[in-house]
2 protein chains.
Amino acid sequence: MSDAYYLQLTEQLRTLIDQNAAQWEGKLPAERSLAERFATTRVTLRQALSQLEGEGLIHRSNRRGWFISPARLVYDPTRDAGFNDYVRAQGRQPRTAVLKLEARVHPPAARALGLPDDQPFHHIRRRRYVDDRAVLVESLWVVPERAPELLEIYAGQSLWGLLRERWGHFLANRSIRMVSEALSPMDAEELLVAPGTAGLNINRAILDDQQRPIEYDEEHWLHDSLCISVELSGQQ
Amino acid sequence: MSDAYYLQLTEQLRTLIDQNAAQWEGKLPAERSLAERFATTRVTLRQALSQLEGEGLIHRSNRRGWFISPARLVYDPTRDAGFNDYVRAQGRQPRTAVLKLEARVHPPAARALGLPDDQPFHHIRRRRYVDDRAVLVESLWVVPERAPELLEIYAGQSLWGLLRERWGHFLANRSIRMVSEALSPMDAEELLVAPGTAGLNINRAILDDQQRPIEYDEEHWLHDSLCISVELSGQQ
DNA sequence: GCAAACTTCTGGTCTATACCAATCGATCGG
DNA sequence: CCGATCGATTGGTATAGACCAGAAGTTTGC
């Protein structure tokens with residue numbers, strides 16, 4: 001049952017965090033000091049912390065310590081809204097950093113869009129933040145014919161907006177796939193978290209309003225920063 | 001970066017599992033024997049196994065050992081199809097065990113359906129299997145007026161089918177919410193996994209074709225048994 | 001006044017070991 | 001032949017300590 005010590009510890013930590021969240025300013029005390037306070041080992045203490053991490057209450061910034069997690073971002077994958085839009089709509093601050101711009105082939109993207117494997121793409125890799133916490137990294141694979149000078153002009157702005165304003169593409173999701181994952185060492189490093197941290201992988205194939213393939217999107221989210229919510233039509 | 005020994009171990013285990021999956025019949029050797037084979041401690045070995053668990057390659061049956069995970073079930077939450085339907089549609093075998101039948105109030109369900117907090121419900125708790133692996137437990141909260149004798153007659157069959165055939169309700173999802181979670185001790189026990197195992201919590205509010213509230217559904221899935229896939233309309 | 005160098009602290013990883021309780025397989029008894 | 005009993009095995013949990021590299025804070029030097 002729940003007589004394991006680390007599970008009791010989990011509960012004690014939960015209330016401790018509740019009470020001291022304000023004065024700690026979001027960052028938990030050092031593991032060694034917490035372990036001492038509860039008269040246990042770091043190993044056991046970490047087991048309890050990992051439990052709370054799994055619940056999404058706290059998270060780790062790699063080698064930097066444990067932090068209290070903010071509320072999850074609510075995301076409706078069936079709505080065709082960009083990241084910036086729905087982050088701001090929830091009263092929070094979006095930010096984007098561009099990590100890479102290059103031309104490359106990428107068979108998975110090609111397949112998802114119904115194009116030949118050797119189809120070249122414009123590849124944009126970027127990291128996105130909510131209130132200055134990095135919550136996801138993503139790779140975008142854009143069909144070059146639809147946005148020729150993209151690699152030269154792209155600098156972190158909204159891609160949906162850019163495609164609409166500059167090239168007149170009105171985008172719509174075609175298919176979305178979501179799976180839980182353990183973040184790869186690379187993804188983890190880019191998100192400043194420990195390798196193997198739990199994540200959510202979201203892939204989207206995106207067409208324009210004439211059903212032409214425009215881009216393929218591979219997102220890797222921190223598992224605790226997202227709440228998927230779908231409101232279905234029919235109503236009212 | 002990936003010079004941590006447990007990450008190398010993870011890779012070695014990955015190929016080892018690939019090669020021996022058949023002869024092991026899905027169950028990995030004992031931790032002690034694996035630890036010995038790789039000349040390391042059980043602690044480190046378990047860290048590597050946990051990594052693969054996070055990826056969804058293997059899973060634990062509580063105190064029973066490590067098992068190779070079957071392919072994920074593909075699930076489209078926007079489709080109004082029952083569990084049995086889409087499991088069979090993927091060539092797999094669904095099964096349901098009823099854990100509890102009772103009458104109770106449940107404010108979260110009431111709120112999601114727009115009913116008063118003291119609204120009583122018929123509560124059905126059941127565990128569902130795919131190919132004899134328990135993959136989820138769920139609690140159903142059904143509005144009694146819509147299915148009066150439900151608690152007396154329910155015995156594990158398809159609830160959607162029952163509501164349609166006996167009471168003439170044609171169900172449709174209204175809202176769906178998905179969050180990653182750590183399974184509660186109770187959920188974990190009912191799924192025969194260790195407490196704190198990663199899970200996916202899916203809640204659905206379900207109405208009939210006249211927009212009358214029918215039921216509220218709280219599902220707790222093993223994180224590795226599900227692949228959410230949404231195909232959006234508009235096309236073809 | 002500011003950047004560089006250094007020190008301390010801390011999280012990430014690992015070893016070695018131990019105990020318990022649940023499981024599983026084998027043995028035993030009817 | 002089958003169910004119950006018993007013992008070995010195994011996973012879950014926990015202790016005690018250790019080392020390293022990165023982060024953070026402090027001091028130094030220009």
Side-chain angles (χ1 to χ4, degrees), chain A residues 1-13 24-54 58-68 134 182-183 185 188-198, chain B residues 1-13 24-54 58-68 134 182-183 185 188-198:
Chain A
M1 296 296 118
S2 45
D3 48 4
Y5 181 52
Y6 84 94
L7 287 176
Q8 299 173 34
L9 235 190
T10 302
E11 295 316 309
Q12 294 178 36
L13 282 169
W24 286 345
E25 293 175 351
K27 185 178 188 310
L28 270 61
E31 292 181 0
R32 285 173 174 82
S33 90
L34 283 175
E36 190 182 12
R37 167 167 355 193
F38 290 103
T40 184
T41 331
R42 268 182 72 211
V43 180
T44 303
L45 191 262
R46 277 169 69 86
Q47 203 172 351
L49 290 171
S50 299
Q51 177 76 16
L52 295 174
E53 184 186 29
I58 59 178
H59 66 272
R60 293 179 280 175
S61 186
N62 201 14
R63 289 190 171 281
R64 212 161 314 204
W66 294 87
F67 297 83
I68 299 173
L183 293 175
E189 192 188 339
E190 290 179 342
L191 287 171
L192 302 180
V193 298
T197 298
Chain B
M1 296 309 106
S2 47
D3 47 5
Y5 181 52
Y6 84 94
L7 287 175
Q8 299 174 33
L9 235 189
T10 301
E11 295 315 309
Q12 295 179 37
L13 283 168
W24 287 345
E25 294 174 351
K27 185 179 189 309
L28 270 61
E31 291 180 0
R32 285 175 174 81
S33 89
L34 283 174
E36 190 182 12
R37 163 160 7 185
F38 291 103
T40 184
T41 330
R42 270 182 71 211
V43 180
T44 303
L45 190 263
R46 277 170 69 87
Q47 203 173 355
L49 290 171
S50 299
Q51 177 76 17
L52 296 174
E53 183 186 29
I58 59 178
H59 66 272
R60 292 178 280 176
S61 186
N62 200 15
R63 291 190 169 283
R64 212 159 313 202
W66 294 86
F67 298 83
I68 299 172
L183 293 175
E189 192 188 339
E190 291 179 343
L191 287 171
L192 302 180
V193 298
T197 298

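Lettering of chains follows the sequences in order, A, B, ..., and the numbering in each one begins at 1.
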Between [X] and [N], is there a side-chain N or O to OP1/OP2 distance below 4.0 Å?
| X | N | answer |
| --- | --- | --- |
| A:Tyr6 | D:dT13 | yes |
| A:Thr44 | D:dT15 | yes |
| B:Asn62 | D:dG12 | yes |

Does anything in residues 32-41 of chain A come within less than 4.0 Å of DNA chain D? Heavy atoms only, and list the residues if so.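 Close to the strand are A:Arg32, A:Thr40, A:Thr41.
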
Nearest-Å distance for atom pair [atom1]/[atom2], residues [X] and [N]:
| X | N | atom1 | atom2 | answer |
| --- | --- | --- | --- | --- |
| B:His59 | D:dG12 | NE2 | P | 12 Å |
| A:Glu31 | C:dG12 | CD | C1' | 8 Å |
| B:Arg60 | C:dA22 | CZ | P | 17 Å |
| B:Tyr5 | D:dC19 | OH | C1' | 18 Å |
| A:Arg46 | D:dT13 | CZ | C1' | 16 Å |

With sequence neighbours excluded, residues passing side-chain contact (heavy atoms from CB on, under 4.5 Å) with [X]:
| X | result |
| --- | --- |
| B:Ala198 | B:His223 |
| B:Arg64 | B:Ser61, B:Phe67, B:Leu192 |
| B:Gln47 | B:Tyr6 |

Axis-to-axis angle across the helix from C:dG1-D:dC30 to C:dG30-D:dC1, five pairs an end, to 10 degrees?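 Roughly 10°, once rounded to the nearest ten degrees.
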
Quick one: pull up CD1 in B:Ile58 and NZ in B:Lys27 and give me the separation to the nearest 0.5 Å.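 B:Ile58 CD1 to B:Lys27 NZ: 11.5 Å, rounded to 0.5 Å.
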
Enter the distance from A:Thr197:OG1 to B:Gln51:CD here, rounded to the nearest 0.5 Å.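 One gets 9.0 Å once the value is rounded to the nearest 0.5 Å.
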
For B:Arg42, answer base if it contacts any base atom (sugar-phosphate contacts may also be present), sugar-phosphate if it contacts only those atoms, and nothing otherwise; contact means non-hydrogen atoms under 4.0 Å.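 The answer is base, as B:Arg42 lies within the cut-off (heavy atoms under 4.0 Å) of a base atom.
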
For A:Pro185 and A:Pro195, work out which heavy atoms get closest and say how close.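 For A:Pro185 and A:Pro195, the tightest heavy-atom pair comes out as CA-CB, 4.4 Å.
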
Side-chain polar contacts of residues 34-44 of chain B - donor-acceptor pairs under 3.5 angstrom, sequence neighbours left out - could you list them?
{"from": "B:Arg42", "atom 1": "NE", "to": "B:Glu31", "atom 2": "OE1", "distance (Å)": "3.1"}
{"from": "B:Arg42", "atom 1": "NH2", "to": "B:Glu31", "atom 2": "OE1", "distance (Å)": "3.1"}

Which nucleotide, D:dG11, C:dC14, D:dA14, lies nearest any side-chain atom of B:Arg63?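 Side chain of B:Arg63 sits closest to D:dG11.
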
So if I take every side-chain heavy atom of A:Gln47 and compare against C:dG12, C:dT13, D:dT13, which nucleotide ends up nearest?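 Minimum distance to the A:Gln47 side chain belongs to D:dT13.
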
Intermediate values then yes/no, side chain to side chain contact (heavy atoms under 4.5 Å, CB included), B:Leu13 and B:Leu45: CA-CA 9 Å; B:Leu13 283 168; B:Leu45 190 263; 4.0 Å; yes

